There are 2 protein chains.
Amino acid sequence: MINVLTFVSNYSHTMTEKQEKILGAALELFAKDGYHATSTSKIAKHAGVSEALIFRHFENKEGLLNAIMDVGGQKAHELYAKIVFTTDPKELLKKAINILFEVPEEEYEMWRLMYALKWQTNGYNTESKEPLMLALNNAFKKLGYKNPEAESELILMIIDGAVTSFLLHPPKNKEDIRKAIFDKYDL
Amino acid sequence: MINVLTFVSNYSHTMTEKQEKILGAALELFAKDGYHATSTSKIAKHAGVSEALIFRHFENKEGLLNAIMDVGGQKAHELYAKIVFTTDPKELLKKAINILFEVPEEEYEMWRLMYALKWQTNGYNTESKEPLMLALNNAFKKLGYKNPEAESELILMIIDGAVTSFLLHPPKNKEDIRKAIFDKYDL
DNA sequence: ATAATGTAAGTAAGTAATCGCTTATTATAA
DNA sequence: TTATAATAAGCGATTACTTACTTACATTAT
């Protein structure tokens, strides 16, 4: 609970204490049980507030979800923005791959929710990855790969698959897997 | 609807016509809207039967889900069983990778449901992949890879990531991506 | 300084609608 | 006849959400 709260509060400087509690409880329950299986009354009880307060601050249940997704989207954007201007192509690949190995454990709930929601909402947030996509295209082109676009898509698939694996059943040999990926790209 | 029905009926020789209709409707709606957002009354209407019939044949809503999952699990098991006894290591890798490129479109709904459910059920079905895992371990060992276990996990992550991508937003350059993967393993 | 006012925060107790599921009854077929 | 397939109607519980109200606090007027 504390983890979630601190995570959320980093991105909500204008929020009431109780608003943060609601967001934290919702994040925790959405990630654990799914959006539809989590009722607003459960969230309210878990946050220690009245149920009506949720609707006062977030309009409806979907508004609460959107508020959480905004936090995740902003977080993702920040991660990508840190690396897309790397000029050296191999360095960019390294950084892109390393991102997934450096996700802090206290953010796992958030990312589990984001990944789970991909399958429930029809609108997949492909636009947040576009800047990274372009940067990767360029890197693979510089490195002389035959089909840079396909290579960019592939590496994003690999990252997605690895993140999924880490979030659902964290393996002990993370470092070996990183080495195996690096090998595939001569890093 | 027809697609779902024919798909289901391949694995349910002892089923009533109405049972198949229920399963088909449930599969379609679970995959489209998610398990919790789909009510038993919606399923009944969509299948053209009374709601009570669902509970007669499948006991409860979860039993209906389990019946669908059984079909998917059996399907997955058959796919893996076809290839795990391949002796030539490179041939095995090829076949394992090709599986994901040969999923027929009429089965997409089923797989979307299976993948979406990974995030909602705490028990991840890792045991169905274990025979394939062992076969891959052996193949990478034969090929002289430094860390066969990590390589097996990685290639399953890649396959998972690619399947996810295909199911959520099917790309046009599938063939280029297959080539890119083959390149990484000298196939 | 303090009383008056305005606004946002917060709640208890509801609402109609829908949920998964059951019961009582009828239709069908071996 | 006997068992199973199928249904209509309704069950209590829960759902997302609303209403009517109180509390807390900052701003303004006197």
Side-chain angles (χ1 to χ4, degrees), chain A residues 1 5 8-9 11-70 113 116-117 120-122, chain B residues 1 5 8-9 11-70 113 116-117 120-122:
Chain A
M1 187 68 178
L5 271 180
V8 167
S9 62
Y11 299 88
S12 54
H13 302 286
T14 70
M15 278 197 180
T16 309
E17 185 187 343
K18 298 215 172 182
Q19 266 177 295
E20 289 186 10
K21 275 190 186 168
I22 291 171
L23 264 189
L27 170 55
E28 199 172 324
L29 294 174
F30 284 169
K32 182 158 65 78
D33 304 324
Y35 174 74
H36 288 287
T38 303
S39 66
T40 49
S41 76
K42 270 188 214 160
I43 296 170
K45 262 175 206 151
H46 201 270
V49 303
S50 69
E51 193 181 353
L53 194 62
I54 294 173
F55 297 92
R56 151 129 296 171
H57 286 306
F58 301 97
E59 193 172 344
N60 52 32
K61 194 183 172 186
E62 200 186 333
L64 182 53
L65 179 63
N66 289 336
I68 293 175
M69 298 291 282
D70 282 350
L113 177 59
L117 250 47
Q120 290 181 42
T121 60
N122 34 13
Chain B
M1 185 68 178
L5 270 180
V8 167
S9 62
Y11 299 87
S12 53
H13 301 287
T14 70
M15 279 196 180
T16 312
E17 184 188 344
K18 299 214 172 183
Q19 268 177 293
E20 289 187 8
K21 276 189 184 170
I22 291 171
L23 263 190
L27 169 54
E28 201 173 324
L29 295 174
F30 283 169
K32 182 159 64 79
D33 305 323
Y35 174 74
H36 287 288
T38 303
S39 66
T40 50
S41 75
K42 271 189 211 160
I43 295 170
K45 264 176 205 152
H46 201 270
V49 303
S50 71
E51 192 182 353
L53 194 61
I54 293 174
F55 296 91
R56 157 162 227 98
H57 287 306
F58 300 97
E59 195 172 342
N60 50 32
K61 193 185 174 187
E62 199 185 336
L64 183 52
L65 179 64
N66 288 337
I68 293 175
M69 298 288 283
D70 281 349
L113 178 59
L117 249 47
Q120 288 182 42
T121 60
N122 35 13

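Since the model is a prediction, treat every value here as computed from it, not as a measurement. Each chain gets a letter, A, B and so on, in the order the sequences are listed, and its residues count up from 1.
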Nearest-angstrom distance from the residue atom CG of B/Asp33 to C1' of C/dC19: 16 Å
Tabulate atom names and distances for all N/O pairs under 3.5 angstrom spanning the protein and nucleotides 15-17 of chain D.
residue	atom	partner	partner atom	Å
D/dA16	OP1	A/Thr38	O	3.4
D/dA16	OP1	A/Lys61	NZ	2.7
D/dA16	OP2	A/Thr40	N	2.9
D/dA16	OP2	A/Thr40	OG1	3.2
D/dC17	OP2	A/Lys61	N	2.8
D/dC17	N4	A/Glu51	OE1	3.2
D/dC17	N4	A/Glu51	OE2	3.4

Could you give the CG-to-P distance, from B/Leu64 to C/dG20, as a whole number of Å? 11 Å
Going through the distances and angles, do A/Glu62 and A/Asn66 end up as a side-chain contact (heavy atoms from CB on, under 4.5 Å)? CA-CA 6 Å; A/Glu62 200 186 333; A/Asn66 289 336; 4.3 Å; yes
Could you tell me whether B/Lys61 sits above the aromatic face of B/Phe55, with NZ or CZ closer than 6.0 angstrom to the six-membered ring centre and within 45 degrees of the axis? no
Atom of A/His46, atom of A/Ala25 and distance for their closest heavy-atom approach: ND1-CB, 3.6 Å
Gap between atom CE of B/Met69 and atom CG of B/Leu64 - 0.5 Å precision: 12.0 Å
Trace of the side-chain contact (heavy atoms from CB on, under 4.5 Å) decision for B/Leu65 with B/Leu117: CA-CA 10 Å; B/Leu65 179 64; B/Leu117 249 47; 3.4 Å; yes
Here the distance between atom P of C/dG20 and atom CZ of B/Phe58, to the nearest Å, is 15 Å
Could you state the CD1-C1' distance from B/Ile54 to C/dG20, rounded to the nearest angstrom? 10 Å
Backbone N/O of B/Gln19 and side chain of B/Thr16: donor-acceptor pair under 3.5 Å: no
Rounded to the nearest Å, what distance is computed from the CD1 atom of residue B/Ile43 to the P atom of nucleotide C/dG20? 8 Å
Integer-rounded Å distance: C/dA29 P and B/Lys18 NZ: 11 Å
Whole angstrom value for the distance that separates P of D/dA24 from CG of A/Leu53: 15 Å
Does A/Thr38 reach the main-chain N or O of A/Asp33 with its side chain, forming a donor-acceptor pair under 3.5 Å? no
Watson-Crick or G-U stems of DNA chain C, 3 or more pairs, under 3.5 Å, by first number: C:1-30 with D:1-30
Check against side-chain contact (heavy atoms from CB on, under 4.5 Å), A/Met15 and A/Leu23: CA-CA 10 Å; A/Met15 278 197 180; A/Leu23 264 189; 3.5 Å; yes
Would you kindly give the CZ-to-P distance between B/Arg56 and D/dA3, to the nearest whole Å? 13 Å
Give a yes-or-no answer on whether the side chains of A/Glu51 and A/Ser41 include a donor-acceptor pair shorter than 3.5 Å. no
